[in-house]
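Only one structure is covered here, and it is reproduced in the block below.
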Amino acid sequence: MTTRSDQAPGPGAGERPVLLPYADPAFVADPFPLYRHLREEAPVHRAVIAGGLDAWLVTRHEDALEALSDPRLSSDVRDATDTRLLRQLPDTEREAMLGNMLRSDPPDHTRLRRLVSQAFTAHRVAGMRPRVQALTDRLLDEVAPAGRADLVADFALPLPVTVISELLGVPLDDRHDFQRWTDRLITRGAEPPNPAVVNEAWQHMRGYITGLIRDKRAHPGDDLLSALVTARDEERRLTGDELIAMVFLLLAAGYITTVNLIAGGLAMLLAHPAQLGLLRSDPGLLPGAVEEFLRYDGPVNPGIARFAREDVEIAGVRIPRGSTVLIASAIADRDPVRFPDPDRLDITRRDNAHLAFGHGIHYCLGAPLARLEGEIAIGTALRRLPGLALAVRPDEIPWRPGGLRGPLALPVTFTPAG
């Protein structure tokens, strides 16, 4: 990998790992001072991350960009020496984690992505715009008369899971159960999930998805799951287990991350009144604003895990085979070598090539849908909720700890709709 002239390994790259203090409320609220220190001190650090896992943290944009395209760094967790990540999961959830596109490498990844790309097309995503707008308006119809709301619980949470339910063709009568199981499967709060509750929810979800796939085979509709069921590549289709894993991936990668983008974007605007005023005066800035939200304080924190297939050298630091490598996009996306004045939120920023959706063959296939939902949700909320303001100080907003970042709650006030 290429290096910069100041990339000699510093103390952070030594034998003593850095602890990312997820139990510290100050760090959870604002991890970026520590991130900045780590990036300035050394390009690579040994670190203890969420769940007590040992990892090598890649902190600078140039190195992160190259690492995301390095075939020596695997996406398959089975290439990791430290098996705690797998052992922490119930057996059924482990199957879904190992069987999905995000956690596979070529040639399996190539086949899976090609099949999914046949179904999850740009045309399908673009065609969802009117429906996403209608769902957004319906939620805000309920919020607008009150004059106050929690924009996480009342808006940012229900929108993405409803979009995913409709995308997959989940019948209306089943969506309450589908959302309840999803909420239990995916960690939303500050407390660690209860393994028994997660396992029970997964058993229900797996049984339900298996039945739904059977129904789509018999009676395909105009939905993504039907398209996935019928996708074919050289006479090969997605297997039943691969379809289940793909649904789980859509839930895990497309639910809470989109919640975090919507709620986090609104929180950033409300904490930066000048930027909010700028966007209100020129709604055409919204697409660029969403990109800046993703760069400045994106929904994945601190980054993307890979596993060394062999000894790898990154920025002059030797990383042993089997190590977990955490490509810290949240840190790299504030690298001043790549982004001028990186610690300033600037919705007019140009050349905003952030790493929030990854890079290379694993670049997020759902990025267009996330952008669509973020633009519609944030833009409509600003238009429909005049006088929108935080009901707490910015430093009182509770943030999600661990590998995903976004507000747990976003209390706001606004002028009630008459």
Side-chain angles (χ1 to χ4, degrees), residues 20 22-32 35 49-50 136 139 149-164 179 182-193 250-272 275-276 289-304 328-331 333-334 345 347 354-358 364 366-367 369-379 381-382 388 390-412:
L20 298 188
Y22 292 108
D24 181 354
F27 173 78
V28 171
D30 183 9
F32 294 100
Y35 288 170
I49 59 175
T136 300
L139 288 167
D150 173 1
L151 287 184
V152 175
D154 300 331
F155 182 54
L157 266 172
L159 178 61
V161 76
T162 304
V163 170
I164 289 174
Q179 181 168 352
T182 300
D183 287 345
R184 292 178 179 177
L185 279 172
I186 300 171
T187 305
R188 295 189 338 188
E191 297 300 321
L250 288 167
L251 292 171
Y255 175 30
I256 290 298
T257 50
T258 308
V259 173
N260 290 349
L261 171 58
I262 295 168
L266 287 167
M268 286 178 240
L269 286 172
L270 294 173
H272 295 81
Q275 297 294 301
L276 175 60
V290 168
E291 300 307 312
E292 179 68 346
F293 302 149
L294 289 162
R295 181 204 69 84
Y296 181 80
D297 196 352
V300 176
N301 183 284
I304 303 162
S329 53
I331 306 178
D333 279 342
R334 292 206 187 188
L345 182 72
I347 65 170
H354 59 75
L355 300 175
F357 289 126
C364 178
L369 180 58
R371 288 182 167 114
L372 177 73
E373 290 185 64
E375 289 178 23
I376 291 174
I378 293 170
L382 296 182
L388 184 65
L390 287 172
V392 296
R393 297 194 314 270
D395 62 1
E396 292 177 327
I397 296 172
W399 290 83
R400 187 185 318 282
L404 296 173
R405 179 165 171 79
L408 287 168
L410 189 61
V412 297

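For this chain, numbers begin at 1 and follow the sequence in order. These figures come from a predicted structure and were not determined experimentally.
- Here the rule is side chain to side chain contact (heavy atoms under 4.5 Å, CB included) with L388, and of L276, L151, L269 only L151 fits it.
- When T258, L404, L294 are each tested for a side chain to side chain contact (heavy atoms under 4.5 Å, CB included) with P299, only one passes: L294.
- Residues V259 and V161 form no side-chain contact, since every pair of their non-hydrogen atoms from C-beta on lies 4.5 Å or further apart.
- A pairwise comparison of heavy atoms in D297 and M268 identifies O-CE, 3.3 Å as the closest pair.
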task = Could you go through the side-chain contact (heavy atoms from CB on, under 4.5 Å) check for F357 and V300 one step at a time?
result = CA-CA 9 Å; F357 289 126; V300 176; over 6 Å; no

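- Between V392 and I397, some side-chain heavy-atom pair lies under the 4.5 Å cut-off.
- The two residues F155 and A381 come nearest to each other via the heavy atoms CE2-CB, 4.0 Å.
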task = Could you walk me through whether L355 and I304 pass the side-chain contact (heavy atoms from CB on, under 4.5 Å) test, one step at a time?
result = CA-CA 10 Å; L355 300 175; I304 303 162; 5.9 Å; no

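- Annotation for L345 and Q275: closest pair O-CD, 3.4 Å, computed over non-hydrogen atoms.
- Between atom CD1 of residue I347 and atom CD of residue E292 there is a gap of 9.0 Å, rounded to the nearest 0.5 Å.
- From N260, atom CG reaches atom CZ of F293 across 14.0 Å, with rounding to the nearest 0.5 Å.
- Closest heavy-atom contact between L261 and G374: CD2-CA, 4.2 Å.
- Between the OG1 atom in T162 and the CG atom in L157 there is a gap of 10.0 Å [rounded to 0.5 Å].
- In this structure, H272 and Y296 have perpendicular ring planes: the angle between them is above 60°, well past the 30° mark.
- Atoms OG1 and CD1, from T136 and I262 in turn, are 7.0 Å apart once rounded to the nearest 0.5 Å.
- Here the CG-CG distance, from L390 to L270, works out to 4.5 Å after rounding to the nearest 0.5 Å.
- Between S329 and G303 the shortest heavy-atom distance is OG-CA, 3.7 Å.
- Y35 does not carry R334 over the face of its six-membered ring by the limits of under 6.0 Å from the centre and within 45° of the normal.
- Across Q179 and P158, no two heavy atoms sit closer than the pair NE2-CA, 4.5 Å.
- The CD atom of E373 sits 7.0 Å away from atom CD1 of I164, with the distance rounded to the nearest 0.5 Å.
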